[in-house]
Amino acid sequence: MDLTIPSRFAGPPSIAHGGYVAGHFADRMADGMAGRSADRSADRVGATSATGAGAVQVTLRRPTPLDAPLRLVATSEDQWALRHDGEVCADAVPVSLDLAVPAPPSLDEAAAAAPGSPSHFNGSGVHPTCFGCSILREPDDGLRITAGPLTVDGRELVAAAWTPGPAFAASDGRVDVRHVVAALDCPGAFAFMVDGERPGLLGRITYEVRGPVELGETHVVTGWQIGRDGRKLFAGTAIHAADGTCRAVAEATWFVVDWSRVRSADGDGTGR
């Protein structure tokens, strides 16, 4: 499958948003994931919401370029890779995801957390270009998920209220899975940023879409710390419907980097 990722879907400047890249694997891997989920959706065709499909683990090997020819290819029966000029930018395998998801805040609590979000750092956020979290993006052009800190039942989280509009629709009338996975990206980094850490590159994300993310409905997006190992930071993220039903979850590995020294990733899963 040949594709390009337009510059609209940047994370850091000139690099494709890691969550958006990862979301491209969901539909392509549907058959490989079928045996891992009893709830496989029957209507998953092309770019859809891909609910009930099981979990996908995507490792980002190097930055994915924008506006460049890419090729999504099967490397085995249930494994895929995204390539540019023969080099692997990302690869994916079906997995099982066992993640303890904290209780979400209410919609009002999530909305009230926004002023403390890293999206507001220095008036322009972490990356002003970011499709996922930049407040400088127009509402129909970026997700604008401004997750800020709060505490729920004694658990420290970041959270945002998110109402996806028609610009993010899939062919089935729900939110495109690529945008769902993109929404699960930045809040994981923000869970560390609000404590003064500086995760810079998404290295791996394992995600599972458990139910429909509906257009025009307000959802709660959360992120929380899981742990760390040296320069690796481990985070969880989730999307909940207004009634508290969990619609999507992810576990991610982030890397602390010095952005002034970043030129290209080294191929070991450090390539947001």
Side-chain angles (χ1 to χ4, degrees), residues 1-29 45-50 56 58-75 79-92 119 124-145 164-171 175-186 188-189 199-205 207 250 252 254-255 257 259-272:
M1 175 183 176
D2 295 321
L3 66 128
T4 61
I5 296 179
S7 58
R8 171 192 176 195
F9 300 106
S14 77
I15 299 174
H17 186 270
Y20 183 76
V21 170
H24 279 77
F25 289 96
D27 290 313
R28 304 281 74 79
M29 297 181 63
V45 179
T48 73
S49 54
V56 180
V58 179
T59 302
L60 302 167
R61 301 292 178 182
R62 52 182 43 80
T64 300
L66 298 163
D67 296 319
L70 304 170
R71 188 160 182 78
L72 192 59
V73 298
T75 56
Q79 300 182 14
W80 288 72
L82 182 68
R83 294 175 176 166
H84 171 63
D85 285 344
E87 299 286 345
V88 175
C89 297
D91 53 44
S119 292
S124 60
V126 181
H127 294 298
T129 56
C130 187
F131 174 70
C133 63
S134 174
I135 58 172
L136 301 184
R137 303 291 294 266
E138 294 298 323
D140 290 336
D141 185 55
L143 302 181
R144 293 171 57 94
I145 295 176
F168 308 114
S171 60
V175 179
D176 189 307
V177 67
R178 294 169 294 185
H179 303 319
V180 173
V181 183
L184 292 167
D185 180 339
C186 303
L201 290 172
L202 177 64
R204 174 173 289 163
I205 184 167
Y207 61 87
W254 288 83
F255 288 81
V257 300
W259 272 100
S260 68
R261 300 179 61 184
V262 171
R263 294 296 181 268
S264 62
D266 58 10
D268 65 351
T270 60
R272 180 183 180 193

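All heavy atoms count here, side chains included; hydrogens, waters and symmetry mates do not.
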Could you tell me whether the side chain of [Y] reaches within less than 4.5 Å of the side chain of [X], counting heavy atoms only?
X: F131; Y: D185; value: no
X: L72; Y: F25; value: yes
X: V58; Y: Y207; value: yes
X: T75; Y: R83; value: yes
X: R61; Y: D91; value: yes
X: C130; Y: L143; value: no
X: H127; Y: S134; value: no

Check: [Y] main-chain N/O paired with [X] side-chain donor or acceptor under 3.5 Å:
X: H17; Y: Y20; answer: yes
X: T129; Y: G11; answer: yes
X: R144; Y: E138; answer: no
X: D176; Y: R178; answer: yes
X: R8; Y: D141; answer: yes

Taking all non-hydrogen atoms of both residues, which atom of [X] and which atom of [Y] are closest, and how far apart?
X: T59; Y: R204; answer: OG1-NE, 2.8 Å
X: L60; Y: G18; answer: CD1-CA, 4.0 Å
X: A92; Y: V56; answer: CB-CG1, 4.0 Å
X: P65; Y: C89; answer: CD-SG, 4.1 Å
X: L66; Y: S14; answer: CD1-C, 3.6 Å
X: V177; Y: G23; answer: CG1-O, 3.9 Å

Rounded to the nearest 0.5 Å, how far apart are CZ of F255 and CG of L202? 9.0 Å
What's the separation between atom CD1 in I135 and atom CZ in R137, rounded to the nearest 0.5 Å?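 Going from the CD1 atom of I135 to the CZ atom of R137 covers 13.0 Å.
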Given side-chain contact (heavy atoms from CB on, under 4.5 Å), test H24 with L82 step by step and report yes or no. CA-CA 9 Å; H24 279 77; L82 182 68; over 6 Å; no
